[in-house]
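In what follows, every chain begins at residue 1, and chains take the letters A, B, ... in the order their sequences are listed.
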Number of protein chains: 2
Amino acid sequence: MRVSTKSRHAITAMMHLAAHSGRGPMTLSDIAQVQGMSLSYLEQLFSRLRKHGLVSGVRGPGGGYCLATHPSEINMAQIMDAVDDRSPAERERFFASYRRGARGEAHDMWHDFSQKLYGFLADMSLEDFVRAQAPTLSAPASVRRVVPMGMASQAA
Amino acid sequence: MRVSTKSRHAITAMMHLAAHSGRGPMTLSDIAQVQGMSLSYLEQLFSRLRKHGLVSGVRGPGGGYCLATHPSEINMAQIMDAVDDRSPAERERFFASYRRGARGEAHDMWHDFSQKLYGFLADMSLEDFVRAQAPTLSAPASVRRVVPMGMASQAA
DNA sequence: TGAATTCTTGACTAAATTAGTCGGGAAGAT
DNA sequence: ATCTTCCCGACTAATTTAGTCAAGAATTCA
């Protein structure tokens with residue numbers, strides 16, 4: 001698994017969409033401006049997010065992009081895979097070996113690490129962060145602490 | 001936090017060292033050969049790992065690199081920070097903002113995510129993986145293939 | 001001492017990835 | 001119609017990753 005600055009752009013853009021979720025589409029121009037990046041580059045990223053079914057575009061005035069599904073159904077690993085244009089099969093290959101024919105203990109250890117990391121990323125949805133940031137948005141009384149401070153929450 | 005292929009090279013190299021831990025130093029030539037990468041590039045990575053106090057070098061015949069401390073005291077985040085030459089202060093800045101003066105909910109969400117990821121990586125030590133790979137800790141040393149020092153270092 | 005081994009360092013180059021630019025479309029709204 | 005916005009492809013620039021080359025310093029061993 002690779003967490004690059006490209007992933008960061010994609011994730012923060014998706015977080016914007018999630019925060020805006022339910023209030024119609026959001027234009028790429030707005031996101032580009034807030035994130036301080038070029039519109040064309042954002043378009044490239046969203047082209048892939050769209051192809052991978054994470055967002056849907058609405059053309060014309062008043063248009064923009066929406067999340068394709070509920071924020072709780074979109075996780076970090078999906079976003080990263082999409083923006084790197086990685087199919088599930090390709091990700092598996094990515095895990096399988098850090099080098100053709102590599103042997104030795106370290107190979108298996110890397111595989112182990114990689115799996116854990118992917119599991120961690122796949123276990124965090126956009127909604128987790130929206131709720132953590134906006135506890136009094138539309139759920140007044142039943143605000144629960146979704147994400148406690150304790151880190152490193154993976155099971156082997 | 002950035003998890004790049006550079007991180008992967010550094011982490012797997014450190015895993016080799018950890019697996020070999022207690023059996024004297026290990027040469028970069030051997031690691032380079034097993035991992036299928038160039039010696040000089042490995043040298044660059046280890047230069048940083050050494051400056052950040054994660055490994056120590058032993059020159060001369062029979063020399064090589066050792067972990068500077070016990071595998072249980074070296075975690076993934078340290079390795080990544082070292083190899084990207086990132087000081088604790090720089091990492092903090094990295095967390096603080098994905099863009100100068102960025103505002104909006106997504107900024108705080110990214111910060112939240114980034115902290116969680118760092119915590120996850122900082123919570124996994126090299127020893128965790130060594131143990132996972134070598135379940136029979138008590139009776140292994142002499143039975144295992146120990147790969148003597150000068151085995152096949154030269155031939156490219 | 002001298003030769004072999006291995007870390008240590010720096011400068012330079014090549015390849016890959018990231019980010020940006022440009023120009024043109026197509027769908028939809030007013 | 002015209003404007004807005006998504007959509008798409010080709011091209012370029014900047015950055016990072018990886019490799020090459022060359023020299024030097026510490027250590028072992030003969």
Separation of atom CG in B:L17 from atom P in C:dC7, rounded to whole Å = 10 Å
Residue whose closest nucleotide on DNA chain D lies nearer the 5' end, B:Q44 versus A:S56 = A:S56
Just checking, any donor-acceptor pair under 3.5 angstrom between side chains of A:T12 and A:Q35?
-> yes
Specify whether B:Y65 and B:F46 have parallel, tilted or perpendicular ring planes, treating 30° as the upper limit for parallel and 60° as the lower limit for perpendicular.
-> tilted
Candidate nucleotides D:dG24, C:dT21, D:dC6, ranked by approach to the side chain of A:L28 - the nearest | D:dC6
Is a side-chain N or O of B:T5 found less than 3.5 angstrom from the main chain of B:R8, in a donor-acceptor match?
-> no
B:Y41 atom OH is separated from C:dT8 atom P, nearest whole Å, by 18 Å
To the nearest angstrom, the NE2-P distance between A:H9 and C:dG20 comes to 6 Å
With respect to the phosphate group of C:dT8, does any side-chain polar atom (N or O) of B:R50 fall under 4.0 Å of OP1 or OP2?
-> yes
Would you mind reading off the distance between B:I31 atom CD1 and D:dA18 atom C1', rounded to a whole angstrom?
-> 17 Å
Provide, to the nearest angstrom, the distance between the CG atom belonging to A:L39 and the P atom belonging to D:dC7.
-> 12 Å
Which nucleotide in D:dT20, C:dA26, C:dT8 has an atom nearest any side-chain atom of B:R59 | C:dT8
Nearest to the side chain of A:E43, which nucleotide is it out of D:dT5, D:dG19, D:dC8?
-> D:dC8
Examine distances only and state if a side-chain atom of A:D84 and a backbone atom of A:R86 form a donor-acceptor pair shorter than 3.5 Å.
-> no
Touch class at under 4.0 angstrom, heavy-atom based, for A:S29 against every strand present | nothing
Regarding the side chain of A:P61, the nearest nucleotide among C:dA29, C:dG20, C:dT21 is C:dA29
To the nearest angstrom, how far is A:R8 atom CZ from C:dT17 atom C1'?
-> 15 Å
Using atom NZ of A:K6 as one end and atom P of C:dG20 as the other, report the distance to the nearest whole Å.
-> 13 Å
How is A:Y65 classified with respect to the nucleic acid when contacts are heavy atoms under 4.0 Å: base, sugar-phosphate, or nothing?
-> sugar-phosphate
Taking only side-chain nitrogens and oxygens of A:T27, does any of them come within less than 4.0 Å of OP1 or OP2 of D:dT4?
-> no
Answer yes or no: does a side-chain N or O of B:T5 lie under 4.0 Å from OP1 or OP2 of D:dA18?
-> yes
May I have the distance from B:D30 (atom CG) to C:dT6 (atom P), rounded to whole angstrom?
-> 8 Å
Would you say A:S40 reaches C:dA19's phosphate, i.e. side-chain N/O to OP1/OP2 under 4.0 Å?
-> no
Got a donor-acceptor contact below 3.5 angstrom from the B:H52 side chain to the B:L54 backbone?
-> no
